[in-house]
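Here the structure is laid out as structure tokens; the discussion comes afterwards.
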Number of protein chains: 2
Amino acid sequence: MPEDKPTRDVSPRAAVARRITELRRAQGFTLSGLASRAGIGKGTLSELEAGTRNPTLETLYALAGPLGVPLTGLVGDGTGHSVPDGVVDARLLTVRTHDDGGTTEVFWLTIAARGTRVSPPHRHGTVEHLRVVRGTACVGPSGAEVLVRAGESSSWPADTGHTYAARDGSAQGVLTIETPPGGP
Amino acid sequence: MPEDKPTRDVSPRAAVARRITELRRAQGFTLSGLASRAGIGKGTLSELEAGTRNPTLETLYALAGPLGVPLTGLVGDGTGHSVPDGVVDARLLTVRTHDDGGTTEVFWLTIAARGTRVSPPHRHGTVEHLRVVRGTACVGPSGAEVLVRAGESSSWPADTGHTYAARDGSAQGVLTIETPPGGP
DNA sequence: CAGAAGCGTTCTGTATACGGAACGGCAAGC
DNA sequence: GCTTGCCGTTCCGTATACAGAACGCTTCTG
């Protein structure tokens with residue numbers, strides 16, 4: 001969701017370096033062999049696997065092909081993005097930009113059994129929609145929250161502060177955020 | 001042996017550039033604002049969004065934080081597996097299996113401007129829910145379809161035959177299919 | 001209108017990622 | 001032993017990604 005800080009992670013270099021080495025070994029390639037297949041210098045690959053280089057997008061892309069994975073396979077841990085407040089865990093499933101310039105983001109949302117998350121206003125015209133799948137959620141503009149049980153859904157304007165909480169255990173659902181056209 | 005100078009895929013630059021711009025706008029950030037939040041030069045970001053730069057891993061990582069997405073959110077194509085039949089294009093975003101054995105599938109749905117798709121019954125107790133984001137859809141159990149406009153949603157039991165169609169152009173939305181516990 | 005503030009783009013010097021060459025290590029063959 | 005071959009690492013000159021400054025543009029505000 002907007003404005004959340006990422007969980008501070010170790011340098012992405014180390015993670016990518018490890019992943020490339022793993023995949024290369026899994027394919028049975030030597031370092032030199034992979035470098036020539038990918039069309040990059042083997043010195044480049046050597047330092048990249050050692051974690052002493054900061055690869056460019058195109059270098060990673062060149063490697064993804066011979067390794068047989070999409071680009072996300074090199075940089076991803078495969079999981080979505082966790083919110084550090086410990087209450088809401090939102091995993092981004094997709095972002096769609098429409099012809100008119102508006103965007104739609106879809107998240108898989110998990111709300112912890114206890115605690116409340118207050119999200120600051122988004123841009124004017126933004127609308128959120130939550131379909132609850134398990135548990136019961138209490139969500140909506142701050143002061144006007146509503147209870148949403150499994151199998152129900154609710155939508156609310158998100159251009160004012162709004163809150164997320166669960167009742168009687170944790171809750172899960174699909175959150176859709178629709179941002180209207182028109183830049184900042 | 002340089003095997004693939006592959007069938008020239010679209011440069012990953014363009015895809016990443018577009019994606020960053022989309023996410024930035026969705027967050028309501030200006031180019032300058034995002035650059036300073038990410039701790040990178042705004043000239044860098046400008047050329048990056050224009051697709052004239054080949055960003056390094058660390059630059060992408062710096063941007064992922066303020067944009068609230070994991071690194072894969074920047075480099076991924078964001079699409080899942082597609083099940084097209086000429087009328088309905090359903091891209092699977094995620095499948096979740098719950099403690100009780102039930103499952104939830106989330107799709108990004110595109111319904112073509114003309115044509116109707118009739119879907120056979122699913123298992124007893126299965127419920128579908130559609131949130132329409134663009135266009136107007138006409139969906140529901142066959143014989144009891146309802147119109148769902150952009151910004152509206154509808155759910156229906158899917159244990160009887162049900163249909164999908166669009167009205168006045170194509171329609172897009174988020175489809176959630178909830179299957180109850182109790183396997184085949 | 002002038003001035004200020006904010007935006008995104010273009011310019012500029014520096015740091016560094018790049019490909020390729022040169023190097024040392026290890027194994028098999030003559 | 002001395003090759004020959006391939007490995008991964010380290011070095012080097014060049015291309016370029018970077019941060020920041022300078023610029024033109026638009027939108028307020030007095």
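Residue numbering restarts at 1 for every chain, and letters A, B, ... go by the order of the sequence lines. Quantities reported herein were computed from a predicted structural model and do not represent experimental measurements.
Between the base of dG20(C) and the side chain of Lys42(A) there is no donor-acceptor pair shorter than 3.5 Å.
For Ser32(A), a side-chain nitrogen or oxygen approaches OP1 or OP2 of dG8(D) to under 4.0 Å. For Thr30(B), no side-chain nitrogen or oxygen approaches OP1 or OP2 of dG6(C) to under 4.0 Å. At dA17(D), none of the side-chain N or O atoms of Thr44(B) fall inside 4.0 Å of OP1 or OP2 (strictly under the cut-off). A sub-4.0 Å separation between OP1 or OP2 of dC18(D) and a side-chain N or O of Thr59(B) is present. For the pair Arg24(B) and dG8(C), the criterion of a side-chain N or O lying under 4.0 Å from OP1 or OP2 is met.
dG8(C) atom P lies 14 Å from atom CD1 of Ile20(B), rounded to whole Å. To the nearest angstrom, P of dT10(C) lies 12 Å from CG of Leu31(B). Between Ile40(A) atom CD1 and dG8(D) atom P there is a gap of 13 Å when expressed in whole angstrom units. The nearest whole Å value for the distance from the CZ atom in Phe29(B) to the P atom in dC7(C) is 12 Å. Between the CG atom of Leu63(A) and the P atom of dA17(C) there is a distance of 15 Å, rounded to whole Å. Between Leu57(B) atom CG and dC18(D) atom P the separation is 11 Å, expressed in whole Å.
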From CA spacing to verdict: side-chain contact (heavy atoms from CB on, under 4.5 Å), Thr116(A), Val87(A) | CA-CA 6 Å; Thr116(A) 299; Val87(A) 176; 5.7 Å; no
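Using a 4.0 Å cutoff on non-hydrogen atoms, the parts of residues 45-54 of chain A near DNA chain C are Arg53(A), Asn54(A), ordered by number.
Checked against salt bridge (Lys or Arg N to Asp or Glu O under 4.0 Å), Glu128(B) has no partners two or more places apart in sequence or in another chain. Among residues two or more places apart in sequence or in another chain, the salt bridge (Lys or Arg N to Asp or Glu O under 4.0 Å) test is passed with Glu145(B) by none.
When only modelled atom types and interatomic distance are considered, Thr21(A) and Glu49(A) share a side-chain donor-acceptor pair under 3.5 Å.
Although no hydrogens or angles enter the test, the distance criterion places no donor-acceptor pair under 3.5 Å between the side chain of Asp159(B) and the main chain of Thr126(B).
Hydrophobic clustering (ILVMFWY, side-chain heavy atoms < 4.5 Å, transitive): Trp156(B) and Leu109(B) are in one cluster.
No contact: Gly33(A) has no heavy atom under 4.0 Å from any strand.
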